[in-house]
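Right, one structure below, let's go through it.
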Amino acid sequence: MSLEFLVASAVAVLVAGGVYLALRGRTFQVVLGLTLLSYAVNLFLFATGRLIVDRPPLFVEGVTEHADPLPQALVLTAIVITFGMTALTVILSLRSFLESGSDQVDGRADDEGAA
Amino acid sequence: MIAVALHIAAGAVALALLLNGWRLLRGPALGDRIVALDTMVINVIALIVLVGMIGGDDIYFEAALLLAMVGFVSTIAYCKFVLRGDIVE
Amino acid sequence: MTVAAALPALTCLPFVAAVALLGIRHAGRGAHLALAGGASAAGLAMLLYRAPAVLAGATQTFRLTWIPKLGLDLSLWLDPLALLFAGLILGIGLLVVIYAAGYLAAGEATARFLSFLMLFQGAMIGIALSNNVLLMLIFWELTSVASFLLIGFWRDRADARQGARMALTVTGGGGLALIAGMVMLGKVAGSYELATILTRGEIVRASPLYPVILVTILLGAFTKSAQFPFHFWLPHAMAAPTPVSAYLHSATMVKAGVFLLARLWPVLAGTGLWVGIVTSVGLATMVLGAAVALFRHDLKAILAYSTISQLGLMVMLLGFGTNAAVVAALFHLLNHAAFKAALFMHAGIVDHETGTRDHRRLGGLAALMPLTATLGVLAAAAMAGLPPLGGFISKEMMLEQSTHAMLGGRTLLVPALATLAASLSAAYSLRYAIALHAGARRTGEAAAPHDPGAALLAPPAILAALALGLGLAPMALAGRLVATASAVVTGGALPELHLALWHGVSAALLMSVGAVAAALALLRCHRPVAAAVARWPAPDAKRLFDAAMEAIVTALRRASTALHVAALQRYLLVLFAVALLLGLDAAARAGVLAGGAATTPASAVDVVAWAALVIATAAVIAVDRRRYLALLFVSVIGLIMALAFVRLSAPDLALTQIAVEVVTILLLLLALHLLPGNPPRLSSVPRRLRDAAVAIASGAGAGWLAWAVMTRPVRAGISRYHWENSYSGGGGTNVVNVILVDFRAFDTLGEIIVLGIAGLATFALLEPAARGVAGRRLRAWRSQDRHSPERHPMMFVMATRLLLPLALLVGLYLFLRGHNQPGGGFVAALVFSIAILLQYLASGFDWTDERRRFGEHRLIGLGVLTAVATGMGSLLFGAPFLSSSFGYAHLPLIGEVELATAMLFDLGVALVVVGAVMMALAQLSHVAQRAARQAEEEA
Amino acid sequence: MRWLLPHPALSAMLLIVWLLLANSLTVGGLLLGAVLALVLPKFTQPFWPARPRMRFGRTFVAYLAIVLWDVVVANFQVAWLILFRRNRDLRSRWLVVPIDLATPEAITILAGTISLTPGTVSADVSADGRHLLVHALDVGDPAAEVTRIKTRYEARLRRVFA
Amino acid sequence: MTILADIAVTGLLLLGASFVLIGSWGLVRLPSTMERLHGPTKATTLGLGALLLASVIYFRAELGVWTAHELLIALFLFITAPISANMIAKVHLHRLRVGAIHEPDSIAGAPPRPSEDSDWATFEAPARDTPAATANT
Amino acid sequence: MTLLDHLLVAPVVVPAATAPAAMLAARRRPLAGPYLSLGGCIVGLVAAVLLFGRVQDDAIRAYAVGGWPAPFGIVLVLDRLAAAMLLLSAVLATMVLVHALVTGADRRGWHFHPLFHFQLMGLNGAFLTGDLFNLFVFFEVLLIASYGLMLHGQGALRLKAGVAYVVVNIVGSALFLVAMGLLYGLTATLNMADLARRVAALGSADQGLLRVAALLLMTVFALKAAVVPLHLWLPRTYAAAMPLVAALFAIMTKVGVYAMIRVVPLILGERAGAAAWVPAPYLLPAAILGAVVGFVGVLVARGLREQAAFALIASTGTLLMAVARWSEATLAAGIYYMVQATLAGAALFLVADVTLRRRGSYGDALASSPRFAGQDAAALLYLTAAIACVGLPPLAGFVGKLLILESSFMLPGWQAIWATILATTLLGVVGFARAGSTLFWKAAPEGTSPISGPPRARREFAAPVVLLVLLAAMSVGAGWVTTQTRGAARQLMAPERYVAAVLGAPAR
Ligand code: NA
Ligand code: NA
């Protein structure tokens, strides 16, 4: 069992879970789905710098083997952006629910049933 | 010797993590699940410390420190939600 | 005026008048009429001034480069054909304006009407003068638009709107085909310049694209000239005011198709295909139009169908492909313009005076309005092809030419049908004239109709006189014009022209006499035939067209509505499916291979953590509708992610993950509180299975991609530079942080702005939520669960008192060391935020809020400004935006202290993050209370 | 002085924590720490307006030592119970501890201590603030346990918060 | 590195890990929520404490650096762990009271009332001027 | 560096500073915000004009943000296309802002001005950046600002549509990150010029992964551009937004197209080996479908805003038909069409705005209503905007369509392109004619209550009129404009110039 396999399969599981939840009909489920998807994407983006153990990207003169700092920076940016997006999505769907009385993603009333 | 102990310790904590997971899945009470999650946080702190020791690098201690400081906030929030619904009133 | 300026001036004048008319729309109608009439007259004068030279063979040209990349130039010319057509447009235009002065009732929007009319006139002049086929297309389409506006002028009338739309649909559609044809023609001929194209007929006709070019161009011409089977729009265009009918739908616009056929005759004519199509369409149209005209009762309908028929005649002549036929066609073009415009005006006068256009309710007008009757009879006679009018001559010529024509190998078919059409047209013309003017008065109005004023009477009188003149002195009036124009069309020498009433006894004369005789016979038994025809289930074009349009629109609407259901699930499913299919396709084509790089062995702890993550993910899905539990499992995933980042040498990410996780959970719990509990499941089993399949496929794909990337050997990339220059160039040893605040600070600037916007947007969403429907719902909202009465648990409250300064301290520590060690502005800000949020959690919103020092708006605004200003600072030193500098200051006692502008930038980051996080969470936590308070205030 | 130092003990604690965070003892670090130790309590004063009076004398140190010792012992006891006591033999009880401490700070410290030490968890305070609800994992004599808590911890805390 | 430090680190590691494991084991095997709460709040504090101490010694002896963050981790845990336990206990009490959980095997059962005229804060909002209420002023 | 060199960051920095400044100012003095906002917008416009002037020497300019050399830092790159898009966005933004101020739409909700400028910043950043991740960041900036603007004014319908819009785009962003991650994993770089070089050097074993990355990236761009079938989110979103906001959004779909035009010839162009022009075969059918679906939507729409939204889909489809052939001439035609379609779409939305504000409770439904003040003027504007959108003369749409027809002649698939363009134009003509004649000509049945409402100022017509005049100017000045677009296309189809401008000397 390699770390690479674990990470790849974790990405797979998170993506599958995220996609499934994103396809549900209620806003909260969709938000959870997006959260899982963003975990998966962050992990994926991180993995493109390859997996390095015990070599954090803190500069030390002469050291050449280290984790790739760039994907880490990218993931950091992505995490921040994801948080902003999540906050907006959550509050938007809440407001939409308050306005329409339905927490379905498309604002249908519950008795209208699912499409 | 230390290396062996470190790995044994890490294994033990990992096992503890699995046990927490079992309780989290099983419940049955909400309280049980919250305890399980809270314990998981503590066990993850332990794991971070052990990973740091195995790698010989104290760089990760901030992560453990941060988790010790803010990890309980979610526990509290989960509790408050059950108690009051509104976590900020 | 110089030659160079004359042509564009001629073209632009009507457009200028159109715009000017809108400008003076509040002036009196006299001014409007004067302007429009003046413009037409001026144009006509200009044209007549140029005419002698043109007729003498001096084609005038003007050229202004416009779009060289397209081959579209403002290229105009005035040759005899253009002169003929432009003269028609301007001459009749002037008469129509005069006529309109009498026709339009007070209170009608004359400015708008005349503006549209001038727009049309300009477009027509453009068609006539264009020496560039693309330019001609522009004017061509403009005539369709102008016609649409003019037909729909009486916009409150349903038939006007429908007629306008039908005309636009048919002629616009044909125009589009024409675009295709013209562009292809230009491409094949190697130029869009008409003068050049006309010299390249051989090349065009030899091109494999010739049939397509011909058919598309003919589509354009036939629709415009109302040829069968596209003729049906013209009768419905009669909903337009009569001046419009006279101008557009008889004299000029419908002739644009004929003009086009004549224009392109040297290039397109002469092939079997041309003769076959053009002749048969013209012939069919001629017969059909005449037959229908005979049995209509509405004056304008009779005239409309007769127009169709006469246009068919001209088209047929051009289809014959002989020079003599061209001469006949052009001469008839003139004749028809004269008598048909006169007849429309006549019909307008009748309508105006009697209040009806129904043939059956009219009669005996000759006595009541003798002048009107005279010119009406004259014009009708011309239409009937009776001597001594011009119509007779051109009809003779037509019949003569028909005897030479063959269609489908049959020699008699064309002359026979032509004679039939001639007799039918004689019949409807005579019927029009006789029934209207002879017999007893049938209208019942108290006031007797009488001859109108000069404005209404003069224009048709002039036209009728012209129709007569063209018969009596054809050579003097039109000989030179028709001859030179024909020469242009045929591209040959001037034809020997003998326009005269008497050519001796010929086949044509016999046919003509026979036709008139047959017409008289037809009229005698018209009543029973008409009754029989009326019982015939004749197809009503309008109803068919409308039904077809409605059917098409309904079907399309149904399809479009079904496709565009407002369903996020569908949007996402399509997105996932597209990504998946494209990915699979790519993989199938090239194979997504795993690399051969060595992998890193995993420890037992790794496997355990992985298992925890997988199980937690599965659990989130399993309990998805018990949202609280799902959230607990999401927390586990977040925890494992942090652990993974620690394990994989990413301390900064671990810190960020831990802090963001807490804030996210708080956010979701705050929202969860206000959502309805225990929602029922929405989707059916098959749907869930389908989604699961998509999900699993997506997951497998993503996992495989990750595997394929990770197993590839590392390439030396740009991050090596970051590593090597982090300390020396960026002044920090934490390379990730230096990337964020220095190498790629621009990203970070964008990132904090995203966060800042999220803050502002959440505020914009939540601030009004206390009012209106949302506010009412919030007030009415009661949790279904029983709650503990205790708001602020003591132990928790006390712990937060101590934790606030401690957490702030830790946050500051993380901030200050971020450049060199894990930490930085973002994590620090999250720690600050959590420290403050803890107070909200423990002590409530009001208590905390009144103790806060800074509003979130200010934090966000100042943060962004700080970051931007830091970036701008470097401009002062001539360095690029966001250039950093750092130095080491030696302070007494303290020692070496690093000062970096990147820290200032990071401060901006921190301010925005605190502001945005606090904005989202504080506003959210407060929304229900504000709703309650709002209610109290309102009460 | 009170204006400058609203919470002297807090300031001291912050300084220590800062030095531990910085992980080094330099003049610069000390100075910065001192500044923060002064500024942060002042800055956060609105959030902690009360000024509990505490004595950080020998009693306090002794209290800390006892608690530390009890934590260690408690861990072994609880570990033993977890590993070897059958569930049905577990004498799990609720204890109601009457308290004489008056300030929320003091009660919180007592409750926290109870939670950290032998087999007991503070579950709740009574609405009037006079009783503490404690859950004990295994206790034979509830009254004795309550007395132990009161004498061993509460009495000392009362002296600290005198 | 001295043998002594070696042994100390090894011992502390094993001890700490054992306590961590035992705490979590308690969470699994103890009969009801309140009992389960004891495992983590105690065993893990010492467990983690021992691991942290091992870390301090290890870094001092192995790498020659004093790391103090472990002490801070312990400090924060000592501050926060009782709060978590308190809140979870409140959740338990509350759920028990509203009948959301029925635990026949809960040994301690429902808690007794503190006194005639008062109830626990979870069930009755603290009155004015009590310590629990003055905390939030 | 001279000040003129620094001008290159102005399109990003000016709005980035204006937004917070306007927000902070508005909290003290309500009027200060709008003035600052307008000022910032005009400064941006001036900068865009100057930058457009700069590219006239045909040079491609790179600006290393932070002074870090490419490919290690982030570079902004100004070529003809970027300058044209900057100018377009500045012009459009100015008109939309003027319209907002004139109609008071900015006061219908919170934070219009900061959101507006952040949106502008995102747009301009996306046009300028030469770095793939930076492009992602600016995409996010413009998206999240658009979420805020889309919800401006609020209302249940808008909120519902907003949820779908936001979620779909978040998923799109996730896909963007995956695609970019793949590219980074393959090439270890983010700079687009560097990517161009490194992609060209990839071995055969990497082709599959490269293809996947390229197609996923195109999927994201197509989602933003609302390319069929990824357009489903657009109609409801744009129809639900305030028309004035939708007018600004007219350029957002074009950002997706822009990104394609930017990335494909550069990175996936001739030199990309087996992956060269990978998206091309998928793009043409999608473009054709887009034009059809869009113009069908124009025909069957029930409201003005919905119609305008479909017109945007149609215009994207139409211009992609040209783009999808990836030749210099078609690309030039596509760019011309893109610019005019943006203005035309915006104009249509603004006309819809003016109309629906005056029709009171009748809104923008394509049904008859009693006559309203300024109906003739609105009708004339609608007619003109419709002519622009459908591509009839004399406005620029016609020239654009002619350019596409003429440039695609005899290229593979040209018959389909021609047939689609002409047939869909007819659909559009019929659709607009039906809608316009019903809405502006047909009188409401007897007994309908008259429209009541506050009188509307005639200056509300200013912004749409200016946009339409610009379209006419684009037609009159088409000779000059096509020279510009051809120049832009030439630069695009010679990516080595871009690479050299960013990275200096050609690869060692
Ligand atoms: Na820099
Ligand atoms: Na709240």
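Note that the structure is predicted; figures quoted are calculated from it, not measured. As a basis for the values below, the full set of heavy atoms in this structure was taken, side chains included, without hydrogen atoms, waters or symmetry mates.
Looking at C:F576, only its side chain comes within 4.5 Å of chain F, counting heavy atoms on both sides. Contacts between F:V141 and chain C at a heavy-atom distance below 4.5 Å involve backbone atoms as well as side-chain atoms. C:L563 touches chain F through backbone and side chain together, each having a heavy atom under 4.5 Å away. Heavy atoms closer than 4.5 Å to chain F are found nowhere in C:L755, neither backbone nor side chain. Neither the backbone nor the side chain of F:V481 comes within less than 4.5 Å of any heavy atom in chain C. In this structure, chain F has a heavy atom under 4.5 Å from the side chain of C:R712, while its backbone stays farther away. Contacts of F:V296 with chain C are made by side-chain atoms alone, with heavy-atom separations under 4.5 Å and no backbone atom involved. Within the 4.5 angstrom heavy-atom criterion, only side-chain atoms of F:R27, from C-beta onward, approach chain C. For chain C, the nearby parts of F:P229 are the backbone and the side chain; heavy atoms of each come within less than 4.5 Å. For C:H857, the parts sitting under 4.5 Å from any heavy atom of chain F are the backbone and the side chain alike. Contact of C:F15 with chain F is not made at all, since no heavy-atom distance falls under 4.5 Å. With a 4.5 angstrom heavy-atom cutoff, F:F138 touches chain C only via side-chain atoms. For F:M218, no part sits under 4.5 Å from any heavy atom of chain C, backbone or side chain. When heavy atoms are compared at a cutoff of 4.5 Å, F:L149 does not approach chain C at all. Only the side chain of C:V145 comes within contact range of chain F, with at least one heavy atom under 4.5 Å from a heavy atom of that chain. In this structure, no portion of F:A19 lies under 4.5 Å from any heavy atom of chain C. Using a 4.5 Å cut-off between heavy atoms, F:L234 makes no contact with chain C at all. If you measure heavy-atom distances from C:V868 to chain F, the contacts under 4.5 Å come from the side chain alone. If you measure heavy-atom distances from F:I421 to chain C, you find no contacts under 4.5 Å at all. When heavy atoms are compared at a cutoff of 4.5 Å, F:L159 approaches chain C solely by way of its side chain, counted from C-beta outward. In this structure, no portion of C:L74 lies under 4.5 Å from any heavy atom of chain F. There is no contact between F:L143 and chain C, counting heavy-atom distances below 4.5 Å. Only the side chain of C:I753 comes within less than 4.5 Å of a heavy atom in chain F; its backbone stays farther off. For F:L175, the part lying near chain C is the side chain, with the backbone staying farther off; criterion is any non-hydrogen pair under 4.5 Å. Only the side chain of C:M872 comes within contact range of chain F, with heavy atoms under 4.5 Å apart.
Counting heavy-atom pairs closer than 4.5 Å to chain C, the top-ranked of the candidates F:V212, F:L426, F:I144 is F:I144. Counting heavy-atom pairs closer than 4.5 Å to chain F, the top residue among C:A706, C:A566, C:G583 is C:A566. Between chain F and the residues C:G756, C:G871, C:A716, C:A774, the most heavy-atom pairs under 4.5 angstrom are made by C:A716. Among F:T219, F:L299, F:V13, F:L392, the residue making the largest number of heavy-atom pairs under 4.5 Å with chain C is F:V13. Ranked by heavy-atom pairs shorter than 4.5 Å toward chain F, the options C:G71, C:A579, C:A177, C:P68 are led by C:A579. Of the residues considered (F:L216, F:L402, F:D194), F:L402 shows the highest number of contacts with chain C, using heavy-atom pairs under 4.5 Å. Between chain F and the residues C:V578, C:N725, C:T561, the most heavy-atom pairs under 4.5 angstrom are made by C:V578. In terms of heavy-atom pairs under 4.5 angstrom with chain C, the leader among F:P71, F:G125, F:A274 is F:P71. Put simply, of C:A180, C:A587, C:G730, C:A761, the one with the most heavy-atom pairs under 4.5 Å next to chain F is C:A180. Top candidate by heavy-atom pairs under 4.5 Å with chain C, chosen from F:A188, F:A17, F:P69, is F:A188. Chain C forms more heavy-atom pairs under 4.5 Å with one residue of F:F440, F:W441, F:Y147, F:Y282 than with any other, namely F:W441. The residue among C:T748, C:V864, C:L575, C:T169 with the most heavy atom pairs within less than 4.5 Å of chain F is C:L575.
A salt bridge does not link F:R198 to F:D206: none of the charged side-chain nitrogens sits closer than 4.0 Å to a carboxylate oxygen. Between F:D131 and C:R744 there is a salt bridge, since at least one side-chain N of the basic residue sits less than 4.0 Å from a carboxylate O of the acidic one.
Contact of the C:R165 side chain with the C:L168 side chain is not registered, since no non-hydrogen atoms from C-beta on lie closer than 4.5 Å. Between C:F743 and C:S719 there is no side-chain heavy-atom pair separated by less than 4.5 Å. Contact of the C:Y192 side chain with the C:L70 side chain is not registered, since no non-hydrogen atoms from C-beta on lie closer than 4.5 Å. Contact check for F:L230 versus C:Y571: no side-chain heavy atoms found under the 4.5 Å cut-off. A 4.5 Å side-chain heavy-atom check between C:W140 and C:L178 finds at least one atom pair inside the cut-off. Residues C:M166 and C:Q162 are not in side-chain contact: their nearest non-hydrogen atoms beyond the backbone lie 4.5 Å or more apart. The shortest distance between side-chain heavy atoms of C:I179 and C:E141 falls below 4.5 Å.
Ring pair F:Y63/C:F746: centre-to-centre distance not below 6.0 Å. If you look at F:F136 and F:F133, their ring centroids are closer than 6.0 Å. Aromatic rings from C:F763 and F:H111 are positioned such that their centres are separated by under 6.0 Å.
Of all heavy-atom pairs spanning F:G477 and C:W66, the tightest one is N-NE1, 4.5 Å. Smallest separation of non-hydrogen atoms from C:A708 and C:L593: CB-O, 3.7 Å. Pairing each heavy atom of F:A213 with each of F:A179, the nearest pair is O-CB, 3.7 Å. Annotation for F:W110 and F:L115: closest pair O-CD1, 4.2 Å, computed over non-hydrogen atoms. Between F:W418 and C:V183, the closest heavy-atom pair is CH2-CG1, 3.4 Å. Nearest heavy atoms, C:S560 versus F:G297: OG-CA, 4.4 Å.
Of the N and O atoms on the side chains of F:S437 and F:K442, not one donor lies less than 3.5 Å from an acceptor on the other residue. Side chain to side chain, C:S884 and C:D742 meet the donor-acceptor criterion of an N or O pair below 3.5 Å.
Between C:H564 and F:F310, the ring planes lie perpendicular to each other; the angle is over 60°, past the 30° to 60° tilted range.
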